[in-house]
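Below you'll find the structure, written out as structure tokens, and then a few comments.
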Amino acid sequence: MPAAPYRGSWRLQGRFWPTVRDDPADAEAISHKLSVRAGLVRQLAAGLYTVTPIGLRVIQRVEAIIREEMNRIGAQELLMPVMHPAEIWEATGRYGLAEQFRLEDRGGRKMVLGMTHEEIVTWHAAREMRSYRDLPQSWYQIQTKLRDEPRPKSGMLRVREFTMKDSYSFDADEAGLERSYEAHSDAYARIFDRSGLVWYRVESDVGMMGGSGAHEYMAPSSAGEDVVARSPGGSYAANVELAVSVAADPEFGEAPDAPGEFATPGIGSIDELAEFTGLAPACLAKSVVLVSDSGPVLAIVRGEHQVHEKKIAHLIGAHRAAHPEEIREWFGADPGSLGPVGIDAGTVRIIADSTLQTGHYVTGANRDGFHLRGVVLGRDFQAETADIRTVLEGEHAVDGSGPIELVPVIEIGNIFKLGTKYSEPLDARYLDENGQEQVIIMGSYGIGPARVAMAAIEQGHDDDGIVWPTGIAPFDVHIVLIGDPDSEQGAFAEALLGELSDLGLEVLLDDRPGLRPGEKFVEADLLGCPLRVTVGKRTLPDGPLEVQVRRTREKSEIALEGAAEQIRSLWLGLAGG
RNA sequence: CGGGGUGUGGCGCAGCUUGGUAGCGCGCUCCGUUCGGGACGGAGAGGUCCCCGGUUCAAAUCCGGGCACCCCGACCA
């Protein structure tokens, strides 16, 4: 049995800490490899992970920061069930979503496992919030979410079951929502700063949550699944799903009076066409045929751009790529020679990217092996115009703040202005000062503690292992005891553990017998606590005591007298920096 | 859901092409020597070769079907 705990400090002897020497074979992301090797997590099945005792310490430190900051803005912690009656989800039209785990109880009653808790929290608010005097409220929980992800991946980064801090605000009006939103925004800034992350707050799509405005909190990492378009200094930052930019116009030259057809034998791609014509891709128009629920859609962007799925989906809803036979039928030509000229807008909905509003373009002629040059939007064809293209790196930010950089990021949190999306269907209303019934205005706000931890690993590691930020390291100080716990050194290490703990630090003492020093050092590096103290033969009787900063590898030798105080001020220097 | 890959002691892998008594490294147990950056020697334990079916005298190996996991894409708060 482990010895009795000393506050938050641990003796390692007897603990469940399953480290491994090799990277797991199927791991790709650094955080995945290191979280397994450092014994923080173990996989049960795809997207299902057990967090080990030592991994849990990291998660709990993140959660502790979250609780402090949520409480600071007056949010109240509660706990809602993971399993819900399906009816409530039916009321908001979110029953049957692909990611939703559904089941039945023994009576055949339909249930769901919660992927989030808007429905449930709103259901409660609808029953308990009656008067404007009851508002505003902010409630939060740290609770399990279940999502039948189509593709769990990257260790703990994308899983099917995870804990989430989710909070919900209830306000009487838009101004109130604005205040709640800002309060959360402030809290989130403190939470992610204290967690030691590099992070961006970016404009985001409202997605399946619905609502009128949203931001995401993103931690830059090559393991990230999202991409942010960001100008220098970050004054412009948005998820590429909705990012806009200024695309420089090429030298178009004089537009001809009318489109002219020319032969382009064997030309099927923009690259080939650019090569063949000697024109920049920006002078060519790319035609993409999609099929929406209401029929065929021709989306046109400049040659250097791509049609962005999310952006076009905002206009035409769910859609798929057209089959070659369908394209043949509607355009009379194969992909590669398609264009908007001569297409009946009644049959095919034509949407051109806004960049097409200036210049003249080479487009397909809807005749295999032929293209048209000098095609002008508005003159030679009619189309709706909208921003439907991807943003390219190097294009300029719309606020004039400079060239845009595309950064892969991990989404670690988000904030949404829900408005009445849930309160309306679930009848969450109150009586205002005038006795008039009003719909409660809501916001919802999420953070994934495990993602915060994994992002910290992505951003803080070296060849030897994890380099935790001080705010969320599993321990503040890792004492490597070289020698027997019953020895003089053992007694010293034990005393040091006590003193450091009394000073408010959480300490891990590696008092495991029979391990070689090298093994202890290697595992200490892997685990990555901010400070490592070595207690061995060299330490006693007169010192010095060796302390190493994990991040910099900087070693200092300190006197035994007042060692604990010294270590504490070293730690404070790291934490404050 | 499309494409690709992998399933063999706890972990990482070889063996499969060309069917014939299941191997290597690490880890684990015991003994000895070591002991401030994953030591060395010796002796051991540990495997339904993912599952089901087929072919064959004989299947980890060949054939068919299934399952699981990973990666790319689609999708995703």
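In what follows, every chain begins at residue 1, and chains take the letters A, B, ... in the order their sequences are listed.
Taking the six-membered ring where the residue is Trp, A/His84 and A/Trp89 present parallel rings, their angle staying beneath 30° rather than reaching 60°.
The gap from the C1' atom of B/G27 to that of B/A39 amounts to 15 Å, rounded to the nearest Å. When the C1' atom is used for both B/G42 and B/C69, the distance is 39 Å, rounded to whole Å. Straight-line distance between the P atoms of B/G65 and B/G20: roughly 25 Å, to the nearest whole Å. To the nearest whole angstrom, the two P atoms, one in B/A59 and one in B/G53, are 13 Å apart. Nucleotides B/G15 and B/G23 place their P atoms 16 Å apart, quoted to the nearest Å. When the P atom is used for both B/U61 and B/G3, the distance is 25 Å, rounded to whole Å. B/A68 and B/C52 are spaced 15 Å apart, taking the C1' atom of each and rounding to whole Å. With P as the reference atom, B/U6 and B/C75 are 28 Å apart, rounded to whole Å.
Using a 4.0 Å heavy-atom cutoff across all strands shown, A/Lys145 reaches no nucleic acid atom at all. Nucleic acid contact class of A/Tyr217 (heavy atoms, under 4.0 Å, all strands): none.
Pair check for B/A68 finds B/U6; Watson-Crick or G-U wobble, both atom distances under 3.5 Å. When both pairing distances are held under 3.5 Å, B/A74 makes no Watson-Crick or G-U pair with any nucleotide shown. Using N1 to N3 plus N6-O4 or O6-N4 for Watson-Crick, or N1-O2 and O6-N3 for G-U wobble, each under 3.5 Å, B/A14 pairs with nothing. Checking B/U55 for Watson-Crick or G-U wobble geometry (two distances, each under 3.5 Å) identifies no partner in any strand. Pairing partner, B/C49: none, since no Watson-Crick or wobble contact has both distances short of 3.5 Å. For B/U29, the paired nucleotide is B/A43, the pair qualifying as Watson-Crick or G-U wobble because both relevant distances are below 3.5 Å.
No salt bridge links A/Glu99 with A/Arg160; every basic N to acidic carboxylate O contact stays at or beyond 4.0 Å. Under 4.0 Å is where a charged nitrogen must lie from a carboxylate oxygen, and between A/Glu523 and A/Arg512 at least one such pair does. A salt bridge links A/Arg320 to A/Glu326: one of the charged nitrogens lies within less than 4.0 Å of a carboxylate oxygen. One finds a salt bridge joining A/Arg553 and A/Asp525 here, because a Lys/Arg side-chain nitrogen approaches an Asp/Glu carboxylate oxygen to under 4.0 Å. Here A/Glu174 does not pair with A/Lys417 in a salt bridge; the nearest charged N to carboxylate O distance is not below 4.0 Å. Ion pairing between A/Glu118 and A/Arg94 holds under the 4.0 Å rule for side-chain N and carboxylate O.
Rounding to whole angstrom units, NZ of residue A/Lys153 and P of B/G73 are separated by 6 Å. The separation between A/Asp22 atom CG and B/G10 atom C1' is 12 Å, rounded to whole Å. Summarising the geometry, the separation between CD on A/Glu28 and P on B/C70 is reported as 12 Å, rounded to the nearest angstrom. Between the CZ atom of A/Arg151 and the C1' atom of B/C69 there is a distance of 12 Å, given to the nearest Å. Spacing between atom CD of A/Glu149 and atom P of B/C71 amounts to 13 Å, rounded to whole angstrom units. B/C28 atom P lies 11 Å from atom CZ of A/Arg512, rounded to whole Å. Summarising the geometry, the separation between CG on A/Asp148 and C1' on B/C1 is reported as 13 Å, rounded to the nearest angstrom. Note: NZ (A/Lys33) to P (B/C11) measures 18 Å, nearest angstrom.
Along RNA chain B, the nucleotide closest to A/Ser154 and the one closest to A/Lys310 are compared, and the more 5′ of them pairs with A/Ser154. Of the residues near RNA chain B, A/Ala27 and A/Glu225, the one whose nearest nucleotide (by heavy atom distance) lies more toward the 5' end is A/Ala27.
Between the side chains of A/Gln141 and A/His117, a donor-acceptor pair is found at a separation under 3.5 Å. Counted by atom type alone, A/His184 and A/Ser167 present one or more donor-acceptor pairs between their side chains at under 3.5 Å.
In the region residues 38-54 of chain A, proximity to RNA chain B at under 4.0 angstrom, judged on heavy atoms, holds for A/Gln43, A/Ala45, A/Ala46.
Judged by the 6.0 Å distance and 45° axis criteria, A/Arg451 is not positioned over the aromatic ring of A/Phe162.
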Review point. For nucleotides 29-43 of chain B, read 5' to 3', which letter fits each nucleotide if B means a protein heavy atom sits under 4.0 Å from the base, S means only the sugar-phosphate is that close, and - means neither?
Key: -----B-BBBB----
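A donor-acceptor pair is defined here as one N or O able to donate and one able to accept, closer than 3.5 Å; such a pair exists between the side chain of A/Trp468 and the backbone of A/Leu527.
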